[in-house]
Amino acid sequence: MEQVINKEKAVLPKPILKWAGGKTQMLGNIMPKIPKTYGRYIEPFVGGGALFFALTPCQAIISDSNPELINTYQEVANHVDLVIKYLHQYKNTKEDFYAVRALDWTKLPKANAAARMIYLNKTCFNGLYRVNKKGQFNVPYGKYKSPNYCDEDSLYSASEILRQAMIVCDDYRSVLKKYAEPGDFVFLDPPYLPISEYADFKRYTKEQFYEEDHTELAKEVGRLQELGCYVILTNSNHPFVHELYAPYKIEIVPTKRYISCNGSNRKGEDVIVTALPKRRTLLKAVPKPLPEQVSKYPATRFMGSKSKLLEQIWSVASQFEFNTVVDLFSGSGIVGYMFKAQGKSVISNDYMAMSAAFTKAMVENNQVILPVEEAETLLVRKKESDHFVSETFKGLYYSDLENELIDTLRTNIAAIKDPYKHAIAMSALIRACTKKRPRGIFTYTGERYNDGRKDLKKSLNQQFIEAVITINNAVFDNGKENSSRCGDAMELRVEHPDLVYIDPPYYSPLSDNEYVRRYHFVEGLARDWQGVEIQQNTQTKKFKSYPTPFSTRKGAADAFDQLFKKFSKSILVVSYSSNSQPTQDEMLTLLAKHKEHVEVVPIDYIYSFGNQKAAKTNRNKVQEYLFAAY
């Protein structure tokens, strides 16, 4: 019988049955985890169907092993008028309740059996469904004054969405084996652990669900993931659940237990397990030769520099069509420079002033060079400096004469009016200082790591002039407008770039990501120590690190979520490390919230110098990931 819904009375679909363990109270936690697009919605433990009715999927398969429940859904879907007609015949009295309860539903017309179940569900105690050993419904009368067991608007609305679904009475294994396909979204809400609390699973069905069943279900989740399905599962916050689903993302959610007879036990914790599909990787990181121009970028030992991964990064990025690109955490600047060499319009951004100086000189700058004869005049004192470096860092990193030269260069560079010549000179000074420093970092004083290499034997004057020549040689015009910015990635204002490359500070309990601690001296040069606070009590005279959300696991996860949302209209390519947190699966989940397609391309990689606490271990041997979201 086809039902025409009265649009004036139409309401949003909602569960037509009360159901112990229903997921209405968890919808706020579950809904954000659902993929934006998927094939079919499959729910083999449908119960009250809270998520099904909230989603109203166009293509769905809902199932349960409870035949009376499935009959109810089928009849509401196909004969809702008849179900309503039968419901109007029932009365909310104790005598009527027990008379209806005594009926054998299997001997009633199917529409009447469905009406009986709805009536008993809404008038019995707490909306429970429980049968005895003979399969007879045995929940007592609920004594409600005005239970709405014939909500016509809700029934019509539910009928509309149920008609679009395939409604099956079968075991979950059979349903998933028969119907689940790559790209489907599967929601699993099995009977919860611990078993002791749910030993009377006959509230729901004639079957039992023990620990071995939960183990089998966990294996099925693994199969579905391998198949290419997106899976969300709920259960209680039980140690065995955490053990079974350790490979996946698990979120703990506080909930209420409405069926507990002991009021003190009505608060609990559920978990939401998310298993992302293991799709075939469409993108490949097969190294591609780069333009010769890329090799002209000054070599750097900057922590986390992607100079050795440029071919892999380009091989992934080049599989997309794009003209504008943002290098959000530019660092050494080499990735933005590589994109510039590929003819892209580049915006380089970093919160480090020294990084912004590099990209100002070689990414934004298309034509200007600093002639060597002009560079040589910067080495000559023109006016008295403030002697800041000579006095503040005396005896720490360089000789007194070298400190005086640095102060002279600082003073003369500050007087350069052309922004690009200024950036070239400042970049050359930074480069000279790092090359004259053993290991190129400033986390220690003295020369304990001086291994006598050639760079350390050259004078600071020579290093500066050589750096100017190298940077001049890297300047080129790609025929596009490029820009360099210094600021917080969260606050960057840019109009929908085609592609955003993200190489953030990696948070890991095995290492730190404090760039400022390593490079505070040259970062100070770039900023002329303006807006920073030197910690005079420290041996290295470092200044306080810039505040960053990437210093904690939760902060990093929240920051990624905000960034992915901010650039959700752009292609996202994210460099990441296997020893970092959030984990690979968590990063995939975060990206999937904002992008339709998410892939991860693994790359074996060894960091050029250890950023691990135990540098003598193999912890600097990691797998680098390139996430691509589009």
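- Listed by chain and number, the residues in a side chain to side chain donor-acceptor pair (under 3.5 Å) with T359 are S484 (sequence neighbours excluded).
- Closest approach of P291 to A341, counting heavy atoms only: CG-O, 3.8 Å.
- In this structure, S345 contributes its side chain and N323 its backbone to no donor-acceptor pair below 3.5 Å.
- Using a 4.5 Å cut-off on side-chain heavy atoms (C-beta onward), L378 and L370 make contact.
- The side-chain hydrogen bond (donor to acceptor under 3.5 Å, both in side chains) test with K340 is passed by exactly one of N478, N366, D477: N366.
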### Task
Evaluate the side-chain contact (heavy atoms from CB on, under 4.5 Å) criterion for residues M362 and I424: first the C-alpha distance (whole Å), next the side-chain angles of each, then the deciding distance (0.1 Å), finally the verdict.
CA-CA 8 Å; M362 293 173 281; I424 292 171; over 6 Å; no
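- Nearest approach of L572 to F567, heavy atoms of both residues: CD2-O, 3.6 Å.
- Under the ring pair (Phe, Tyr, Trp, His ring centres under 6.0 Å) test applied with F521, the options Y444, F388, Y398 reduce to a single match, Y398.
- Counting only N and O atoms by type, the side chains of E586 and T583 include a donor and acceptor under 3.5 Å apart.
- Using a 4.5 Å cut-off on side-chain heavy atoms (C-beta onward), D327 and F339 make no contact.
- Side-chain N or O atoms of K595 include one that pairs as donor or acceptor with a backbone N or O of S570 at under 3.5 Å.
- Classification of K458 and E466 as a salt-bridged pair holds, one side-chain N sitting under 4.0 Å from a carboxylate O.
- Taking both residues in full, the closest heavy atoms of S348 and G336 are given as OG-CA, 4.2 Å, listed atom of the first, atom of the second, then distance.
- Side-chain atoms of S330 come within 3.5 Å of backbone N or O of N349 as a donor-acceptor pair.
- Annotation for E391: atom CD counts as buried by contact number, over 12 foreign heavy atoms lying within 6.0 Å.
- The one candidate from Q293, Q342, K296 that meets the side-chain hydrogen bond (donor to acceptor under 3.5 Å, both in side chains) condition with Y337 is Q293.
- Here the side chains of Y230 and L276 are in contact, with some heavy-atom distance below 4.5 Å.
- Between E364 and R485 there is no salt bridge, since no side-chain N of the basic residue sits under 4.0 Å from a carboxylate O of the acidic one.
- Across all their heavy atoms, N450 and G452 have their closest contact at OD1-N, 2.9 Å.
- Annotation: E251, atom CD; neighbour count of heavy atoms from other residues, nucleotides and ligands within 6.0 Å is above 12.
- Shown here is K36, whose NZ atom has more than 12 heavy atoms of other residues, nucleotides or ligands within 6.0 Å.
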### Task
Mind running ring-ring contact (aromatic ring centres under 6.0 Å, His included) on W314 and F320 for me, showing each step along the way?
CA-CA 10 Å; W314 175 245; F320 301 98; over 10 Å; no
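- Under the 3.5 Å distance criterion, with hydrogens and angles disregarded, no donor-acceptor pair is assigned to the side chains of D407 and N403.
- Heavy atoms of other residues, nucleotides or ligands lying less than 6.0 angstrom from CD of E321 number 12 at most.
- With sequence neighbours excluded, the residues that form a side chain to side chain donor-acceptor pair (under 3.5 Å) with T324 are D498.
- Within a 6.0 Å radius of CD in Q536, more than 12 heavy atoms belonging to other residues, nucleotides or ligands are found.
- Closest approach of S307 and I334 over heavy atoms only: N-CG2, 4.0 Å.
- Put simply, the side chain of V253 reaches to within 4.5 Å of the side chain of I272, judged on heavy atoms.
- Atoms NZ and CD, from K544 and E533 in turn, are 4.0 Å apart once rounded to the nearest 0.5 Å.
- Between P57 and Y38 the shortest side-chain heavy-atom distance falls below 4.5 Å.
- A donor-acceptor contact closer than 3.5 angstrom is absent between the side chains of S577 and E624.
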### Task
Just do the side-chain contact (heavy atoms from CB on, under 4.5 Å) check on V273 and I232 with the steps written out, would you?
CA-CA 6 Å; V273 178; I232 293 179; over 6 Å; no
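- Atom CD of Q539 sits in a sparse spot, with 12 or fewer heavy atoms from other residues, nucleotides or ligands closer than 6.0 Å.
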### Task
Walk me through it: do I313 and M338 pass the test side-chain contact (heavy atoms from CB on, under 4.5 Å)?
CA-CA 10 Å; I313 292 169; M338 180 271 292; 4.1 Å; yes
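- Salt bridge status for K436 with D455: absent, with no side-chain N to carboxylate O gap under 4.0 Å.
- Remark: H520 NE2 to I441 CD1 distance equals 9.5 Å, nearest 0.5 Å.
- Here the side chain of T392 pairs no donor or acceptor atom with the backbone of V389 at under 3.5 angstrom.
- Separation of atoms CG (L588) and NZ (K593) is listed at 14.0 Å; rounding is to 0.5 Å.
- The pair D561-K565 fails the salt-bridge criterion, with no side-chain N (NZ, NE, NH1 or NH2) lying under 4.0 Å from an Asp/Glu carboxylate O.
- In this model, no donor atom of one side chain and acceptor atom of the other lie less than 3.5 Å apart for S332 and Y297.
- To the nearest 0.5 Å, the span separating NZ on K308 from NZ on K306 amounts to 12.0 Å.
- Of the residues listed (F550, F329, F627), the one engaging F560 in a ring pair (Phe, Tyr, Trp, His ring centres under 6.0 Å) is F550, and it is the only one.
- Judged by distance alone, the side chains of Y630 and E596 never bring a donor and an acceptor atom under 3.5 Å apart.
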### Task
Given side-chain contact (heavy atoms from CB on, under 4.5 Å), test I406 with L525 step by step and report yes or no.
CA-CA 9 Å; I406 292 171; L525 282 174; 3.7 Å; yes
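- Residue R410 holds its CZ atom at 10.5 Å from NE2 of H387, rounded to the nearest 0.5 Å.
- Not less than 6.0 angstrom separates the ring centroid of Y625 from the ring centroid of Y576.
- At least one donor-acceptor pair closer than 3.5 Å links the side chain of E523 to the backbone N or O of A353.
- Side-chain contact between V475 and N473 is absent, with no heavy atoms from C-beta onward closer than 4.5 Å.
- By the side chain to side chain donor-acceptor pair (under 3.5 Å) test, K480 is found to be paired with no residue, residues two or more places apart in sequence or in another chain being considered.
- The shortest heavy-atom contact between L590 and A557 is CD1-O, 3.9 Å.
- E402 and Y397 form no side-chain donor-acceptor contact under 3.5 Å, judged by distance and modelled atom types alone.
- At a threshold of 4.5 Å between non-hydrogen side-chain atoms, the residues K382 and T377 count as touching.
- Distance alone, capped at 3.5 Å, places no donor-acceptor pair between the T445 side chain and the L396 backbone.
- Side-chain contact check for V522 versus T434: some heavy-atom pair is nearer than 4.5 Å.
- Proximity of a side-chain donor or acceptor of Q319 to a complementary backbone N or O of A317 within less than 3.5 Å is not detected.
- The CE atom of M354 lies 11.5 Å from the CZ atom of R431; values are rounded to the nearest 0.5 Å.
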